[in-house]
Structure formats: C-alpha cells, structure tokens
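The figures that follow rest on heavy atoms only: side chains count, while hydrogens, waters and symmetry mates do not. These numbers were taken from a predicted model, which means no experiment stands behind them. Just so it is clear: chains get the letters A, B, ... in the order the sequence lines come, proteins before strands, and each one is counted from 1.
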Amino acid sequence: AQKITQTQPGMFVQEKEAVTLDCTYDTSDQSYGLFWYKQPSSGEMIFLIYQGSYDEQNATEGRYSLNFQKARKSANLVISASQLGDSAMYFCAMREGGGGYNKLIFGAGTRLAVHP
Amino acid sequence: DVKVTQSSRYLVKRTGEKVFLECVQDMDHENMFWYRQDPGLGLRLIYFSYDVKMKEKGDIPEGYSVSREKKERFSLILESASTNQTSMYLCASSLFAENTEAFFGQGTRLTVV
C-alpha cells in the first residue's frame, strides 16, 4: 500500500537559516508525483512544490527546493533563508494511482516554528 | 485568481443531525475532493468526483455521502452526524491530468455535540 511518512512532528529554526523537512514514501508504482503543501494557522492549504518520479533534476521554486532521492524513496523539502511567515504546518503528499484522478495521500505533517 | 470556496468556516451541529458541507470552485476543474484532517493523521480522502454525477469512495467513506449535480459544486453529506465526525473538512479541486496541483478551500471546522 502507498504511504507517506513524516517523522518530525515539530521543528524549529532561526530566522534566515535553512531547514529541511523530511518525507519518505512507499509505492510500487513507477510513475508517481510528490507534492509539498503549507498550511498556515488560517487553515488553507498552499501548494509549494512538485516533483515527478521521472524528473531528473530536483524541483526548485524560489526559496523552496525538493531533495529527491529516488533510491531511498525520500523527498525532503528544503526551505532556505527562513522567514517568520514560514511558521506553519507542512504536508508531504503523493499522487495515488494514475489516469488523471490526482488522488493524494498525505503524511501526518510537520509543524515548523521560525524564531526571530 | 483561482478559488475554491467552502460555505462555512465553522459549524456546530447536534448528534443525529443531517449536515451538508458545500464546496464551489471557479476553475472549471473536473476533479473535486473531500478530505478530513485530524491531528497526527494528516489529510484522509473521504470521497472524490472526476465528473458531474460521478463519485468514488476514498479511504474513509463510512458515514458520509456526496453529491455533484453541477461541475463547479461538490457537496459532502453527513447523514446522521456523530461526535467522531468532529474534524476539519477540506475541499479541493484539480484538473483531470496527472501531476497537477490541487487547490484547496479554507476548510470547515465541524463540531458535533
């Protein structure tokens, strides 16, 4: 069965430093996609970054990068130069199955606190 | 700007009541989803729909039903609310295409007393 594991319930980082949020996944599919979402205290889920299983380069979006290690089945999110506004819950997710349905399975999340 | 709108931010209902959670998207997306979010469990898929009048069960459909009469609207129905359905409910939509992101509503925090 497909599964996403986020082993860090909570993390903290000093402002302006980089932080890595861990995500490991389990799937027998050859084609899959990995997503990271941010959920501030207001509740909405904000899409951050996507990595396809066949992408050879690690995905980057501004201060966010995804450290994709396919053999280890890990897809860690790296946030560079942390800002106070980065304090939020972060969820790793994987597309389940194919065919355009885009069902996602989510990890339990990591709560990040950025300290001034 | 893309938008998924859920009808309520907060709801309090009594045990046994029939509860409707409404979701509307303005992006002409084929796929719509209802997730439930609980601490330590992340988001779990209740139901999804890939077309009008089409619906598929997710991982935790028991106690819920859905309706999609129009492309832009996807309703979650709790037939007889119970206290273990107290949770945050999130609606999402996406294109019917692999590996495109889902857009989420602001969530509805439902309390069943």
Side-chain angles (χ1 to χ4, degrees), chain A residues 1-10 21 23 25 29-55 59 61 64 66 68 75 88-111, chain B residues 1-6 8-11 21 23 25 27 29-51 54-61 68 87-110:
Chain A
Q2 295 177 311
K3 190 177 177 182
I4 292 280
T5 303
Q6 294 180 255
T7 57
Q8 306 153 314
L21 306 184
C23 173
Y25 61 91
D29 291 344
Q30 296 301 309
S31 174
Y32 51 89
L34 295 155
F35 300 80
W36 277 91
Y37 282 85
K38 171 185 178 181
Q39 187 181 44
S41 56
S42 52
E44 78 275 22
M45 297 280 283
I46 302 166
F47 166 74
L48 295 177
I49 197 166
Y50 160 78
Q51 179 86 41
S53 59
Y54 293 118
D55 295 341
E61 289 286 350
Y64 305 108
L66 201 152
F68 181 48
M89 280 289 286
Y90 288 82
F91 291 97
C92 180
M94 179 169 63
R95 172 179 54 82
E96 182 178 22
Y101 300 103
N102 276 331
K103 293 185 294 177
L104 297 176
I105 55 169
F106 285 82
T110 296
R111 184 171 297 281
Chain B
D1 207 12
V2 296
K3 208 133 174 104
V4 179
T5 303
Q6 295 182 229
S8 304
R9 289 298 304 272
Y10 300 95
L11 272 180
L21 302 184
C23 176
Q25 51 98 359
M27 295 165 281
H29 283 168
E30 295 86 2
N31 295 335
M32 294 190 75
F33 309 86
W34 277 105
Y35 290 91
R36 171 178 170 159
Q37 182 180 0
D38 299 289
L41 297 178
L43 281 72
R44 293 177 292 166
L45 182 64
I46 305 172
Y47 268 96
F48 74 101
S49 168
Y50 55 89
D51 200 354
M54 305 304 291
K55 59 186 179 184
E56 296 283 344
K57 292 180 180 179
D59 299 316
I60 52 164
R68 193 166 181 200
S87 188
M88 169 73 100
Y89 292 87
L90 289 157
C91 175
S93 72
S94 79
L95 289 169
F96 187 86
E98 286 192 357
N99 301 325
T100 59
E101 74 265 32
F103 294 85
F104 283 80
Q106 76 275 34
T108 296
R109 187 166 295 282
L110 173 67

| Quick one: are F33(B) and N102(A) in side-chain contact, heavy atoms under 4.5 Å? |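 F33(B) reaches N102(A) side chain to side chain.
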| Do L90(B) and Q39(A) touch side chain to side chain, with heavy atoms closer than 4.5 Å? |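 The answer is yes; the side chains approach within 4.5 Å.
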Side chain, backbone, both or neither: which part of [X] has a heavy atom under 4.5 Å from chain A?
| X | result |
| --- | --- |
| Q37(B) | side chain |
| L41(B) | backbone |
| A97(B) | backbone |
| R9(B) | side chain |
| T100(B) | both |
| F96(B) | both |

| field | Leading residue by heavy atom contact count with chain B [cutoff under 4.5 Å; candidates Q51(A), Q6(A), R95(A)] | value |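 Ranked by heavy-atom pairs under 4.5 Å with chain B, first place is R95(A).
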| Top of G107(A), G33(A), A108(A), G109(A) for chain B proximity - count of heavy-atom pairs under 4.5 angstrom |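 If we count pairs closer than 4.5 Å to chain B, A108(A) comes out on top.
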| request: Grab the two heavy atoms, one from G100(A) and one from N31(B), that are nearest each other, plus how far apart they are. | output: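 Heavy atoms only, the tightest pair is O-ND2, 2.8 Å.
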| query | Which atom names give the shortest non-hydrogen contact between Y35(B) and K103(A), and what distance separates them? | reply |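 Closest pair (atom of Y35(B), atom of K103(A), distance): OH-C, 4.3 Å.
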| request: Mind ranking A102(B), G107(B), G105(B) by heavy-atom pairs under 4.5 Å with chain A and telling me who comes out on top? | output: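 Going by pairs under 4.5 Å, I would pick A102(B).
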| What residue, out of E30(B), E98(B), M88(B), has the most heavy-atom pairs lying under 4.5 Å from chain A? |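 The candidate making the most pairs under 4.5 Å is E98(B).
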| message | For R44(B), I'd like to know if atom CZ has over 12 heavy atoms of other residues, nucleotides or ligands within 6.0 Å. | response |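 Atom CZ in R44(B) is crowded, with more than 12 foreign heavy atoms closer than 6.0 Å.
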| field | Gap separating the CD atom of E101(B) from the CZ atom of F35(A), nearest 0.5 angstrom | value |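 Between atom CD of E101(B) and atom CZ of F35(A) there are 7.5 Å.
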Need one label for [X]: side chain, backbone, both or neither, based on atoms under 4.5 Å from any heavy atom in chain B.
| X | result |
| --- | --- |
| S42(A) | backbone |
| L104(A) | both |
| Y101(A) | both |
| Y37(A) | side chain |

